[in-house]
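Have a look at the structure below, then the notes.
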Amino acid sequence: MEKTITLSIGGMHCASCSAIITKTLMKVGGVEKADVNYSTEKASVTFDSATVKEEALIQAIVARGYSASLAKDAQAEEARKQAELLYIKKMFLTSVFFSLPAFIIGLLFMKEAMLFTGFELPYAPYYLFALSTPVQFYVGWQYYVGAFKSLRNGSANMDVLVSLGSSAAFLYSIPITLGLFSGHVY
């Protein structure tokens, strides 16, 4: 017997995530059609209810590193979205708190910027290191997790790109900060 359900999906960061979930659902035996919409965070799945159960569809999505539930309880879904929005605001404010001083130091008080201010802040690279570390590993941790999930599933998404680029800049800057090499810190 053919049945269509709507699932609420959590943890998607880009359109690549919706493609991964679609492929995952299509690999489940008995699934005839799967449409995953990144912007609405919903999946519409048509399947043979005699062959596969709803729980198996949810478990397939969860096994890929995303959250999934039946989209029946609008109040619970709204609470989940509000919690996610609160988390995003917290991460944004944390990153601004650490990044704004780092931006000002890098723009005005580094050796390369002395033309603007005429003043070089002593130990500026160490201040930048201290300010950028929480942004890199606390605020940016979600990108590392997303990159790991993506690579584990045999694909690469924007999380891989962001974590790779920011890690390269951060790791490149450590020996320069410690005075082992000369150059610019990033």
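FYI, side chains are in, hydrogens and waters are out, and symmetry mates aren't considered; it's all heavy atoms of this structure.
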What ring pair (Phe, Tyr, Trp, His ring centres under 6.0 Å) pairs are there with at least one residue in residues 148-171, not counting sequence neighbours?
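Qualifying pairs, neighbours excluded: Phe129-Phe170, Phe137-Phe170.
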
Any ring pair (Phe, Tyr, Trp, His ring centres under 6.0 Å) involving residues 78-99? Give me the pairs, sequence neighbours left out, ordered by first then second residue.
none

Using side-chain contact (heavy atoms from CB on, under 4.5 Å), reason through Val45 and Leu7 one step at a time and then give a plain yes or no.
CA-CA 8 Å; Val45 186; Leu7 299 172; 4.2 Å; yes

Return the [atom1] to [atom2] distance between [X] and [Y], rounded to the nearest 0.5 Å.
X      : Y      : atom1 : atom2 : value
Leu86  : Met91  : CG    : CE    : 9.5 Å
Asp159 : Gln142 : CG    : CD    : 8.0 Å
Thr24  : Tyr66  : OG1   : OH    : 8.0 Å
Ile58  : Ile5   : CD1   : CD1   : 6.0 Å
Phe47  : Met1   : CZ    : CE    : 10.5 Å
Lys89  : Leu85  : NZ    : CG    : 4.5 Å

Give every residue pair that meets the side chain to side chain donor-acceptor pair (under 3.5 Å) criterion with at least one member in residues 123-135, sequence neighbours excluded.
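Found none.
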
May I ask you to decide if Val160's main-chain N or O and Ser163's side chain share a donor-acceptor pair within less than 3.5 Å?
yes

Between Ser16 and Asn157, is there a donor-acceptor pair closer than 3.5 Å when you use the side chain of the first and the backbone of the second?
no

According to side-chain hydrogen bond (donor to acceptor under 3.5 Å, both in side chains), who are the partners of [X], at least two apart in sequence or on a separate chain?
X     : value
Glu84 : Arg80
Lys90 : Tyr138
Gln82 : Glu78
Asn37 : Ser39

Under 4.5 Å between side-chain heavy atoms, hopping through other hydrophobics if needed: is there a path connecting [X] to [Y]?
X      : Y      : answer
Val135 : Met158 : no
Leu151 : Val145 : no
Leu164 : Leu161 : no

Residues two or more places apart in sequence or in another chain: which of them pass salt bridge (Lys or Arg N to Asp or Glu O under 4.0 Å) with Lys23?
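Here no residue qualifies.
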
Applying side chain to side chain contact (heavy atoms under 4.5 Å, CB included) to Leu180 and not counting sequence neighbours gives Pro175, Leu178

I'd like to check the side chain to side chain contact (heavy atoms under 4.5 Å, CB included) partners of Val162; sequence neighbours left out, ordered by chain and number.
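Val162: side chain to side chain contact (heavy atoms under 4.5 Å, CB included) contacts with Tyr143.
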
Any pair with a residue in residues 48-68 that passes salt bridge (Lys or Arg N to Asp or Glu O under 4.0 Å), sequence neighbours left out, goes on the list, sorted by first then second residue, please.
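For residues 48-68, and leaving out neighbouring residues, the salt bridge (Lys or Arg N to Asp or Glu O under 4.0 Å) pairs sorted by first residue read Lys3-Glu54.
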
Could you tell me if Gln136 and Ser166 have a donor-acceptor pair between their side chains, going purely by distance under 3.5 Å?
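Yes, side-chain donor-acceptor contact under 3.5 Å.
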
I need the minimum non-hydrogen distance between [X] and [Y], along with the two atoms involved.
X      : Y      : value
Ala124 : Ile105 : CB-CG2, 4.0 Å
Val36  : Ala43  : CG2-CB, 3.9 Å
Met12  : Glu41  : CE-CA, 3.7 Å
Pro101 : Leu131 : CB-CD1, 3.8 Å
Ala68  : Ile61  : CB-CG2, 3.8 Å

Given Leu57, which of Leu70, Val62, Leu25 fulfils the side-chain contact (heavy atoms from CB on, under 4.5 Å) condition?
Leu25

Side-chain touch Glu2/Thr46, heavy atoms, less than 4.5 angstrom
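Result yes, sub-4.5 Å side-chain heavy-atom pair found.
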
With sequence neighbours excluded, residues passing ring pair (Phe, Tyr, Trp, His ring centres under 6.0 Å) with Tyr172:
Tyr186

